[in-house]
Peer 1: 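Okay, handing you the structure first.
Residue numbers begin at 1 in each chain, while the letters A, B, ... track the order of the sequences. Any value given below was found using the heavy atoms of this structure, including those in side chains, with hydrogens, waters and symmetry copies removed.
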Amino acid sequence: MPELPDVETYKRYLDATALHQRVARVRIEDATVLQDAIEPQALAAGLTGQQLESSRRHGKHLFAALDGGDWLLMHFGMTGRLQYYRAHDAMPDYTQVQLDFDNGYHLAYIAPRKLGEVAIIDDPDAFITEQGLGPDALGLGWDAFAALAEGRRGMVKTWLMDQETMAGIGNVYSDEILFQARLHPKTRLPDLGQAGLQQVFETMRQVLQQAIDVQCDPQRMSGFLVPHRGEGEPCPRCAGPIERIQAGGRGSYYCPRCQPAA
DNA sequence: AGGACGCCCTGTTCGC
DNA sequence: TGCGAACAGGGCGTCC
């Protein structure tokens with residue numbers, strides 16, 4: 001479930017571990033995550049001899065600048081993550097792509113369900129435009145957020161999750177935002193009103209920032225629905241049973257007491 | 001435009 | 001105990 005807060009946490013992890021070391025070798029254990037965007041040989045050639053100089057995140061995408069000018073692109077699908085580890089430790093299970101640095105350390109891109117993407121691109125901004133990604137959800141101000149809602153009549157949940165509207169929010173955090181804003185998962189945008197929309201905006205910012213602050217550790221997310229995503233789990237507000245319904249084609253967890261239908 | 005649905009992908013969980 | 005179905009969910013495509 002790597003969404004914006006998770007990928008931001010990965011970014012900080014990468015920044016704290018893997019920058020400014022020369023890539024001595026690239027291991028491609030399984031090319032599925034290259035998604036036909038790049039040939040394995042081209043990925044290896046593009047990374048070997050390079051250093052990761054810096055990184056930036058847009059929504060759920062992470063980009064690392066190479067000193068040669070290109071960028072390493074990483075998307076994590078639903079199970080992807082990074083692990084930086086010592087020379088003699090075992091390669092983590094489900095490592096798909098790994099960078100071996102000249103200091104002996106490794107950076108593993110791990111994705112058990114292979115739904116992510118690893119590639120090399122020359123320009124993140126062009127990539128964002130080509131993919132049709134909207135602005136990063138955490139970089140949005142109120143005016144821009146309100147403008148994105150204009151004319152939209154669908155569910156708030158699917159709107160928040162639509163990466164072309166804004167980038168970064170997925171199923172888990174859209175549920176969380178609606179839970180904390182006390183809105184039913186099927187609430188529609190026109191039913192919000194100006195005050196309701198503002199409430200969603202403020203809750204969105206708060207939820208994303210708080211998740212980042214605790215490095216997405218569910219055990220530290222007090223008051224969050226995240227650690228209670230399961231039918232019959234106790235609601236963190238009222239202790240009533242959490243329910244699951246389909247909304248926007250995804251399983252959606254919510255508290256029927258705290259989030260009554262409008 | 002919006003929404004339901006299927007597919008990709010595979011480890012884990014659950015029901016019989 | 002074992003086996004298959006359901007589920008997890010980001011992203012994409014299709015159809016109504």
Side-chain angles (χ1 to χ4, degrees), chain A residues 1-11 28-38 57-63 73-83 91-97 108-119 121 127-134 136-137 147-179 184-192 208 211 216 218 225-233 242-254 261-262:
Chain A
M1 54 142 208
E3 302 179 24
L4 188 154
D6 308 274
V7 179
E8 179 63 26
T9 302
Y10 296 169
K11 170 184 161 40
I28 299 169
E29 299 294 302
D30 187 327
T32 306
V33 293
L34 307 193
Q35 305 288 355
D36 298 326
I38 187 170
R57 180 192 59 72
H58 184 89
K60 302 171 188 175
H61 285 89
L62 182 57
F63 308 95
L73 155 75
M74 289 177 282
H75 185 275
F76 298 94
M78 73 181 264
T79 56
R81 62 190 176 89
L82 296 174
Q83 191 170 326
M91 179 183 279
D93 287 345
Y94 313 116
T95 296
Q96 310 295 344
V97 176
Y109 170 93
I110 303 160
R113 270 160 250 182
K114 304 179 187 175
L115 290 175
E117 181 178 1
V118 175
I121 58 169
F127 176 85
I128 289 162
T129 303
E130 285 160 19
Q131 297 286 306
L133 296 172
D136 186 74
L148 291 173
E150 264 171 47
R152 301 298 295 261
R153 311 198 61 78
M155 289 184 283
V156 179
K157 179 181 168 80
T158 50
W159 177 71
L160 288 170
M161 283 199 298
D162 180 0
Q163 303 303 296
E164 296 188 19
T165 300
M166 67 187 89
I169 297 171
N171 197 36
V172 170
Y173 284 97
S174 63
D175 277 1
E176 188 66 47
I177 292 162
L178 291 167
F179 170 74
H184 188 275
K186 293 196 172 183
T187 305
R188 288 169 178 277
L189 272 158
D191 297 333
L192 280 181
L208 296 177
C216 299
L225 177 64
V226 168
H228 301 285
R229 292 179 66 79
E231 261 178 313
E233 284 278 311
I242 295 300
E243 286 186 11
R244 179 181 190 269
I245 57 171
Q246 288 291 123
R250 300 278 182 229
S252 306
Y253 293 96
Y254 77 112

Peer 1: Under 4.0 Å between a side-chain N/O of A/Lys157 and OP1 or OP2 of B/dG3, yes or no?
Peer 2: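 No.
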Peer 1: Atom CE of A/Met166 and atom P of C/dG10: how far apart are they, to the nearest Å?
Peer 2: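 Those two atoms, CE and P, are 15 Å apart.
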Peer 1: Can you tell me the distance, in whole Å, between the CE atom of A/Met78 and the P atom of B/dT12?
Peer 2: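 Atom CE in A/Met78 sits about 12 Å away from atom P in B/dT12.
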Peer 1: Among A/His61, A/Met166, A/His58, which residue satisfies the side-chain contact (heavy atoms from CB on, under 4.5 Å) criterion with A/Asp136?
Peer 2: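 Exactly one pass, corresponding to A/His58.
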Peer 1: What is the distance, to the nearest angstrom, from the CG atom on A/Asn171 to the P atom on C/dC12?
Peer 2: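 Atom CG in A/Asn171 sits about 16 Å away from atom P in C/dC12.
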Peer 1: First locate atom CG of A/Leu133, then atom CD of A/Glu164, and finally report the distance between them rounded to the nearest 0.5 Å.
Peer 2: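 Going from the CG atom of A/Leu133 to the CD atom of A/Glu164 covers 8.0 Å.
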Peer 1: Check this one for me: any side-chain N or O of A/His75 less than 4.0 Å away from OP1 or OP2 of C/dG11?
Peer 2: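 It does, given that an N or O in the side chain of A/His75 lies less than 4.0 Å from OP1 or OP2 of C/dG11.
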Peer 1: Between P on B/dC8 and CG on A/Asp36, what's the gap in Å once rounded to a whole number?
Peer 2: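 Rounded to the whole Å, the gap is 14 Å.
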Peer 1: Looking at B/dG2, I'd like to know if its phosphate oxygens (OP1 or OP2) sit under 4.0 Å from a side-chain N or O belonging to A/Thr158.
Peer 2: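 Result: no.
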Peer 1: Checking all strands, does A/Phe76 fall into the base, sugar-phosphate, or nothing category for heavy-atom contacts under 4.0 angstrom?
Peer 2: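 Touches nothing.
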Peer 1: Please classify the nucleic acid contact of A/Thr79 as base, sugar-phosphate, or nothing, using heavy-atom distances under 4.0 Å.
Peer 2: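 No contact at all - A/Thr79 keeps every heavy atom at 4.0 Å or more from the nucleic acid.
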Peer 1: Would you indicate what A/Gln163 reaches in the nucleic acid, counting non-hydrogen atoms under 4.0 angstrom: base, sugar-phosphate, or nothing?
Peer 2: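 Sugar-phosphate: the residue A/Gln163, judged by heavy atoms under 4.0 Å, touches backbone atoms but no base.
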Peer 1: Go through C/dA8, C/dG10, B/dG2 for me and flag the one nearest to the A/Arg113 side chain.
Peer 2: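 Out of C/dA8, C/dG10, B/dG2, the nucleotide with an atom closest to A/Arg113's side chain is C/dA8.
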Peer 1: Taking only side-chain nitrogens and oxygens of A/Tyr253, does any of them come within less than 4.0 Å of OP1 or OP2 of C/dC7?
Peer 2: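 Checking C/dC7 against A/Tyr253, no side-chain N or O comes under 4.0 Å of OP1 or OP2.
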Peer 1: Need one value for A/Glu117: base, sugar-phosphate or nothing, where a base atom within 4.0 Å counts as base even if backbone is also close, heavy atoms only.
Peer 2: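 It contacts nothing in the nucleic acid.
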Peer 1: For the pair made of CD in A/Gln246 and C1' in B/dG3, what is the distance, rounded to whole Å?
Peer 2: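 Roughly 12 Å, once rounded to whole Å.
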Peer 1: Parallel, tilted or perpendicular: which describes the rings of A/Tyr254 and A/His184, with under 30° parallel and over 60° perpendicular?
Peer 2: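 Answer is perpendicular, since the angle exceeds 60°.
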Peer 1: For A/Gly151 and A/Pro112, find the nucleotide of DNA chain B closest to each by heavy atoms; which residue's nucleotide sits nearer the 5' end?
Peer 2: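 Upstream on the strand: A/Gly151.
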Peer 1: Determine the contact category for A/Gln131: base if any of its heavy atoms lies under 4.0 Å from a base atom, sugar-phosphate if only primed atoms, P, OP1 or OP2 are that close, otherwise nothing.
Peer 2: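 Touches sugar-phosphate only.
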Peer 1: For the residue pair A/His228 and A/Glu233, confirm or rule out a side-chain donor-acceptor distance under 3.5 Å.
Peer 2: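 Yes, because at least one side-chain N or O of A/His228 sits under 3.5 Å from a partner of the opposite role on A/Glu233.
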Peer 1: Identify which one of A/Asn171, A/Leu148, A/Ile177, A/Thr165 satisfies the side-chain contact (heavy atoms from CB on, under 4.5 Å) criterion when paired with A/Leu160.
Peer 2: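 Considering A/Asn171, A/Leu148, A/Ile177, A/Thr165, a side-chain contact (heavy atoms from CB on, under 4.5 Å) with A/Leu160 is found only for A/Ile177.
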Peer 1: Could you state the CG-P distance from A/Asp162 to C/dG13, rounded to the nearest angstrom?
Peer 2: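 Those two atoms, CG and P, are 14 Å apart.
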Peer 1: Hey, is the side chain of A/Arg152 pairing donor to acceptor with the base of B/dG3 inside 3.5 Å?
Peer 2: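 Answer is no: no donor-acceptor pair is held.
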Peer 1: For A/Asp175, is there an ion pair with A/Arg250 - N to carboxylate O distance below 4.0 angstrom?
Peer 2: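 Looking at A/Asp175 together with A/Arg250, the answer is no, because their closest N to O distance does not fall below 4.0 Å.
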Peer 1: Would you mind telling me which residue lines up with the more 5' stretch of DNA chain B, A/Asp30 or A/Ala247, judged by nearest nucleotide?
Peer 2: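 That would be A/Ala247.
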Peer 1: Rounded to whole Å, how long is the line connecting atom NE2 of A/His61 with atom C1' of C/dG10?
Peer 2: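 Result: 10 Å.
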Peer 1: Quickly work out the A/Tyr10 OH to C/dG10 P distance and round it to whole Å.
Peer 2: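 Roughly 12 Å, once rounded to whole Å.
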